[in-house]
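Just below is one structure, and these are the notes that go with it.
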Protein chains: 2
Amino acid sequence: MGRTHRNVTIRDVAKAAGVSKSTVSLVLQDSPKVAPKTRERVWAALDKLGYIPNAAARTLAQGRTGVIGLATVNFNQKLTERIYFSGIMGALLEVLAEHKYHMMIYNAAVPLQLAVDGMLFLSVNVDHPLVDQVKRARLPYAFLNRRTTDAETPYVSHDFAAGGRLAAEHFIELGHRHVGVLTWRPGIPPHKERLAGFQGALAEAYGGGATCTVIEATDLMPAAGYKGAMRMLSGPARPTAVFVSNYELLPGLLDCCRDLSLRIPGDLSVICFDDPWAAGAMDPPITVVRPASEEVGRLGAELIVSLVEGRQGRPAQTLISPRLIVRESTRPFDHRQ
Amino acid sequence: MGRTHRNVTIRDVAKAAGVSKSTVSLVLQDSPKVAPKTRERVWAALDKLGYIPNAAARTLAQGRTGVIGLATVNFNQKLTERIYFSGIMGALLEVLAEHKYHMMIYNAAVPLQLAVDGMLFLSVNVDHPLVDQVKRARLPYAFLNRRTTDAETPYVSHDFAAGGRLAAEHFIELGHRHVGVLTWRPGIPPHKERLAGFQGALAEAYGGGATCTVIEATDLMPAAGYKGAMRMLSGPARPTAVFVSNYELLPGLLDCCRDLSLRIPGDLSVICFDDPWAAGAMDPPITVVRPASEEVGRLGAELIVSLVEGRQGRPAQTLISPRLIVRESTRPFDHRQ
DNA sequence: TTGAAAGCGGTACCAT
DNA sequence: ATGGTACCGCTTTCAA
């Protein structure tokens with residue numbers, strides 16, 4: 001399977017068809033300026049020799065690749081298994097395909113050979129060195145799942161704060177005053193914003209008259225979720241409602257409730273950020289705040305394509321609001337408790 | 001963000017440093033043949049001008065891209081959300097990065113511009129037109145999640161039949177004789193093999209002395225799983241154990257059991273092919289046959305790299321056996337029932 | 001140690 | 001309608 005023979009080039013085809021390179025090139029581009037008879041002869045030669053165009057040569061000549069890059073800091077097992085990855089990925093690929101673009105995946109671990117017309121940064125911080133390289137190459141780019149403070153840098157992200165608010169407001173409506181948040185790395189933007197939104201809504205509704213216990217899991221393994229949940233739920237000042245800020249912590253929480261014989265939603269209301277697989281088929285079906293990852297993917301793809309193709313149509317900065325999906329893990333606070 | 005200015009080329013750098021293109025090229029490749037002083041001058045110019053190499057030009061000159069392609073027939077929302085996709089993807093990206101390759105994703109929906117050193121086909125049938133194109137281009141390639149009948153075509157896949165057998169053997173050990181399989185499209189290779197393995201083991205153990213009800217879901221939506229499960233479980237000849245051949249059908253089955261007040265594993269033992277998210281945190285934790293997707297990704301990446309680089313090290317055809325993970329959804333058949 | 005020049009495989013302009 | 005030819009940006013001989 002090695003590359004033994006030289007590949008067939010446009011030149012070979014030209015010779016075989018008895019025409020010039022230019023003519024073959026025109027035929028390949030379906031130009032109307034070629035006489036039907038010539039066209040046929042060229043096609044025959046193309047077919048017979050099994051011509052396959054050389055993408056690099058074409059790119060070099062045209063200055064465009066027909067490829068959009070997707071870069072992230074760490075494409076690894078953990079990342080690709082995360083729920084938001086697959087959602088975004090599918091939408092990106094669908095929309096890019098509609099616009100006739102392929103996608104190249106750039107791993108920050110590999111020295112990057114820029115061979116794309118534009119770049120999407122997925123969950124990459126704005127000040128990452130990768131970004132500089134792309135800027136220097138003068139490639140159009142946009143951020144996904146990250147927002148920026150300036151008004152120029154294009155991005156499509158979730159309104160994480162709105163998501164947090166949604167959860168808090170649902171709890172508030174149900175009369176819960178003693179609530180908890182199970183989170184992870186509350187310092188990084190997406191989690192920080194969820195928490196801020198949640199606490200903001202709480203403060204607006206109750207002023208200081210509510211308690212909100214924030215527990216930070218040490219990592220995203222089920223065991224860490226369990227331990228965090230245990231810390232929150234085993235004490236005397238147990239909250240009556242918990243917002244799980246990251247879906248990967250949910251199984252641990254559910255296990256913990258089972259072990260403590262806490263019924264959901266009887267003893268504890270639960271909202272999960274993210275709508276993980278089978279959340280609706282769990283026992284009980286879990287109320288979630290669902291970020292529209294597909295939407296981010298879709299708009300992100302449209303955005304980068306419009307930037308690449310120089311259309312200025314769509315807004316360069318978009319924030320998508322998550323949706324609250326009420327299922328059966330939340331219920332009104334029972335004052336007789 | 002348009003491409004206004006021309007990009008800095010090796011030629012500009014050469015002029016700025018007062019040397020020739022060749023010297024700059026040598027410096028870029030860390031060649032020892034350049035005098036230290038010259039090297040420094042060139043570096044300074046490189047830096048000052050913010051030079052970014054043009055990948056297409058380099059590829060054209062060298063005949064290699066440093067990119068491996070991943071092609072599938074339909075990269076869409078549904079696919080990327082499938083459990084095996086993320087598992088394979090993560091492993092592929094990790095291993096390719098170790099070997100300094102990026103990955104290009106080819107969507108069969110877009111006319112394919114071959115700009116890679118080798119191609120992986122993910123769940124693409126061997127006779128698909130895509131494959132022909134790649135063969136004609138004389139690119140090394142390998143199949144993932146598909147096996148071939150000949151002895152040459154390289155592939156890495158799961159031993160789906162072994163997976164089916166594993167499930168059946170577990171049921172047999174537990175004394176179940178009346179079993180069911182909830183499947184989908186039993187005609188396509190991966191599903192066909194699971195079913196064949198399952199039924200084969202059953203026949204070996206019991207000869208004709210067992211009943212195996214096979215129900216085919218109409219699609220992979222939860223509702224279809226529910227309907228299929230209902231057909232299997234609501235009749236009088238209800239099996240005592242069910243093998244769910246596709247994880248996407250599992251939620252429907254669980255719902256159905258709840259509605260029919262069938263306890264798992266008390267009234268029904270359940271094994272699921274695939275180990276979906278939170279299967280171990282469900283109530284009860286589900287016994288599964290887990291295909292080693294990461295392993296397929298890892299070996300697939302190693303394989304294509306070795307083919308591209310002309311090393312003949314590793315076997316070209318590999319089948320990975322799934323593992324049975326016994327949790328709490330299976331138990332011995334109770335003859336007093 | 002450095003430079004000149006010939007490709008790599010296309011595209012596109014300008015003649016004819 | 002077709003052919004000649006000058007690029008596109010980089011690598012890689014080959015001479016000097």
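Every chain is numbered from 1, with letters handed out A, B, ... down the list of sequences.
For the atom pair OH (B:Tyr51) and CG (B:Asn7), the distance works out to 10.0 Å, reported to the nearest 0.5 Å.
Mapping A:Val24 and B:Arg39 onto DNA chain C via the closest heavy atom, the residue that lands nearer the 5' end is B:Arg39. Taking for each of B:Ala55 and A:Thr38 the nucleotide of DNA chain D with the nearest heavy atom, the 5'-most of the two is the partner of A:Thr38.
Side-chain atoms of A:Thr9 stay outside donor-acceptor range of the base of C:dG10, with no qualifying N/O pair under 3.5 Å. One donor-acceptor pair, N or O on each side, does fall under 3.5 Å between the base of C:dA4 and the side chain of B:Ser22.
Put simply, CD on A:Gln29 is 11 Å from P on C:dC13, counting in whole angstrom units. We find that NZ of A:Lys15 is positioned 16 Å from C1' of D:dG3, with the value rounded to whole Å. In this structure, B:Gln62 atom CD and C:dG9 atom C1' are separated by 15 Å, rounded to whole Å.
Of the N and O atoms on the side chains of A:Ser25 and A:Ser22, not one donor lies less than 3.5 Å from an acceptor on the other residue. B:Glu295 and B:His158 form no side-chain donor-acceptor contact under 3.5 Å, judged by distance and modelled atom types alone.
Counted within 6.0 Å of CD on B:Glu309, heavy atoms from surrounding residues, nucleotides or ligands total more than 12; the atom is thus considered enclosed.
For B:Leu26, counting side-chain heavy atoms from C-beta on, the closest listed nucleotide (D:dC10, C:dT2, D:dG4) is C:dT2. For A:Lys21, the listed nucleotide lying nearest its side chain is C:dG10; candidates were D:dG3, C:dA6, C:dG10. The side chain of B:Thr23 approaches C:dT2 more closely than any other nucleotide in the set C:dT2, D:dG4, D:dC10.
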